[in-house]
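Single-structure report; data block below.
Computed from a prediction, not measured in an experiment: that's the story for all the values here. Chain naming here is simple, since letters A, B, ... match the order of the sequence lines and numbering starts at 1 in each.
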There are 2 protein chains.
Amino acid sequence: MCQLFATPVANQIQGEVKKRVDGFRQLHNRPPKLSVVLVGNDAASQIYTRRKGELATRLGMDHETILFPANAIPTHVREQVQRLNEDPLVDGILIQRPLPKSFREEEVLYWIDPSKDVDAFHPLHAGELVLGIPTLQPCTPSGIMELLAFYKISVQGKLVCVVGRSPIVGKPMATLLLNSDATVIHCHSKTPNMGKLTREAEVVIIAAGKPGLIGSAEIQPGAVVVDVGIHRNSDGKLCGDVRFDEVAPIASAITPVPGGVGPMTLSILMRNTILAAEQRAQL
Amino acid sequence: MCQLFATPVANQIQGEVKKRVDGFRQLHNRPPKLSVVLVGNDAASQIYTRRKGELATRLGMDHETILFPANAIPTHVREQVQRLNEDPLVDGILIQRPLPKSFREEEVLYWIDPSKDVDAFHPLHAGELVLGIPTLQPCTPSGIMELLAFYKISVQGKLVCVVGRSPIVGKPMATLLLNSDATVIHCHSKTPNMGKLTREAEVVIIAAGKPGLIGSAEIQPGAVVVDVGIHRNSDGKLCGDVRFDEVAPIASAITPVPGGVGPMTLSILMRNTILAAEQRAQL
């Protein structure tokens, strides 16, 4: 069994991003800039936002976090995003999730100009992904494709099962796999006898958001297992959607939690930011 | 075995569209209008375009077909589409496919204003469909959902196999099924042992574009079979992707070719046109 650690892949991607950032600075006499909008004081969101800023800085990018209180009026946040859309010095914008309940996700999705939407949550990006048109790709599924490619795991012609159908992970994951010539079984919370289907698959990607959902009974011996979940169990330890100790001995390859999928997401976000900067500079 | 004939469903949808068209005319003192752009003189395209116009007229809508020669310069066609986008009396626009090779499909997809894009081919619509945001839906998969609903065939919690991954049918079909709580197996030309997967499914939707691809060996007894293919065989007879005579005896329900999926597509196009007109009038 091979553990699919993110570190070597993330390092490689970040090294490439840093080179492109240096090139961008030389060509345009300014660093690419990532603006993060954070509403409220959710502890996890504060940690994620800080990490994004630290990594952006480390890779030579400019970075700002714009804070709003939890009771901020959505229109005011929208106006700020609009100013960022219009600011020629801002290349990438992201709005940290989750947002307070006063925000309607269906509206927020349209706020960021697609050319600066480095999370790739805008419906236009979702559509371009489906149609196979080159575009900014959502960070987690794109990171998983990079992780598999780095470890020379091809999905072409393979039977791949995706568990979960969120707009951020499950759905774009299935699209990327299909576009890479995988045959895709797409399961979710309303799937009866899910274990029978996951067991058929040569690669299983689990983004269900349910701690320990998948055990050895649900996995075919020799399968590749990618675990997108990250939870804290009752002992305070981080764990995924997969019962690692049970599945690792029968899998041919498996992502650890933490240290598997998570760091990939952040690296792709940085790559999306330099890509957005480069593409806007060409317009 | 029950044959899923389109006629009663298409009649019902067209009846509803006619009522909405009458209401629109009363409210706005003009009929909704569909503009079709046809480039070249492909015989099948001429028939399809004429049928669209005849049905639009029969349902009380205004209609025009704008003809360009096969050697038309794409920029000129684009300028015409732009004029239609800006014309307040035009509610729906469609560009008949296939286009001559001088047209780049990846560019043409963006020409029609999404609010008038009644084929729903614009990437924005594809993304909204994935994200479950109410939007104009592509006609064939949307028509199949209506056909199944009319015959009280629920896909919720069912294992459904989609064969084919075209941007117009296979991909949006899988999305609509997933959004309706089906578990989806998505197969295509690069799927090994496809018959094993189609045989597992309770509902099989075939949009492979290959005459007679699916026979009784590929279908589970009692399955529901939807055949999107339409071809002319060596005897000059219309046939689908399914070998009807072989599969019909073991299926619980099956769409005939012709008379199954085909007429649904045209009815949904009409519904999309009145929907686009109503939505634009509310802006």
Side-chain angles (χ1 to χ4, degrees), chain A residues 104-107 109-110 114 117 120-135 138 154-168 170-175 177-194 196-198 200-202, chain B residues 104-107 109-110 114 117 120-135 138 154-168 170-175 177-194 196-198 200-202:
Chain A
R104 285 170 45 89
E105 184 64 25
E106 269 191 33
E107 288 172 11
L109 286 176
Y110 294 86
D117 173 32
F121 289 171
H122 193 290
L124 185 66
H125 290 307
E128 289 170 333
L129 194 76
V130 168
L131 299 173
I133 298 169
T135 187
S154 166
V155 298
Q156 192 184 2
K158 296 259 179 75
L159 189 57
V160 182
C161 184
V162 175
V163 180
R165 54 176 164 168
S166 78
I168 294 170
K171 284 176 169 181
M173 188 77 248
T175 296
L177 291 164
L178 194 73
N179 291 355
S180 294
D181 289 340
T183 299
V184 177
I185 304 179
H186 205 155
C187 299
H188 47 78
S189 54
K190 300 287 168 56
T191 299
N193 309 316
M194 195 178 68
K196 184 179 170 300
L197 295 168
T198 54
E200 287 184 39
E202 300 163 271
Chain B
R104 286 171 44 89
E105 184 64 24
E106 268 192 32
E107 290 172 10
L109 286 176
Y110 294 86
D117 173 33
F121 289 171
H122 193 291
L124 185 67
H125 290 306
E128 288 169 334
L129 195 76
V130 167
L131 300 171
I133 297 169
T135 187
S154 167
V155 297
Q156 192 183 5
K158 297 260 180 74
L159 189 57
V160 181
C161 184
V162 175
V163 180
R165 53 176 165 168
S166 78
I168 294 171
K171 284 177 170 179
M173 188 77 249
T175 297
L177 291 163
L178 194 74
N179 290 355
S180 294
D181 289 340
T183 299
V184 177
I185 304 179
H186 204 156
C187 299
H188 46 78
S189 55
K190 301 286 167 58
T191 299
N193 308 317
M194 194 178 70
K196 184 179 171 299
L197 295 167
T198 54
E200 286 184 39
E202 300 163 271

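Within the 4.5 angstrom heavy-atom criterion, only side-chain atoms of B/Leu197, from C-beta onward, approach chain A. With a 4.5 angstrom heavy-atom cutoff, B/Ala182 touches chain A only via backbone atoms. Interface remark: B/Glu200 contributes side-chain atoms only to the contact with chain A (heavy atom separation under 4.5 Å). Heavy atoms closer than 4.5 Å to chain B are found in the side chain of A/Leu109, but not in its backbone. Residue A/Tyr110 touches chain B through its side chain alone, counting heavy-atom pairs closer than 4.5 Å.
Per-residue counts of heavy-atom pairs under 4.5 Å with chain B were compared for A/Gly132, A/Pro192, A/Ala174; the largest is that of A/Pro192. Options A/Leu131, A/Leu159, A/Leu178 differ in how many heavy-atom pairs under 4.5 Å they form with chain B, and the most are formed by A/Leu178. Your options are B/Thr191, B/Ile185, B/Val184, and the one with the most heavy-atom pairs under 4.5 Å with chain A is B/Val184.
Residues B/Val155 and B/Val160 approach most closely at CB-CG2, 4.3 Å, considering heavy atoms. Here the shortest heavy-atom pairing between A/Gly157 and A/Glu202 reads O-OE1, 4.5 Å. Nearest heavy-atom pair across B/Val130 and A/Val130 is CG2-CG2, 3.5 Å. Heavy-atom minimum distance, A/Ala120 versus A/Pro138: CB-N, 3.6 Å.
Using a 4.5 Å heavy-atom threshold, the side chains of B/Thr135 and A/Pro123 count as separate. The closest side-chain heavy-atom distance from B/Glu106 to A/Pro134 is below 4.5 Å.
With sequence neighbours excluded, no residue forms a ring-ring contact (aromatic ring centres under 6.0 Å, His included) with A/His125.
Interface with chain A: from residues 161-168 of chain B, residues B/Arg165, B/Pro167 qualify, criterion being any non-hydrogen pair under 4.5 Å.
Here B/His186 contributes atom NE2 and A/Leu177 contributes atom CG; the two are 12.5 Å apart, rounded to the nearest 0.5 Å. With rounding to the nearest 0.5 angstrom, the OG1 atom of A/Thr175 is 13.0 Å from the CD atom of A/Glu128.
Looking at A/Asp117, its side chain does come within 3.5 Å of a backbone N or O of A/His122 through a donor-acceptor pair.
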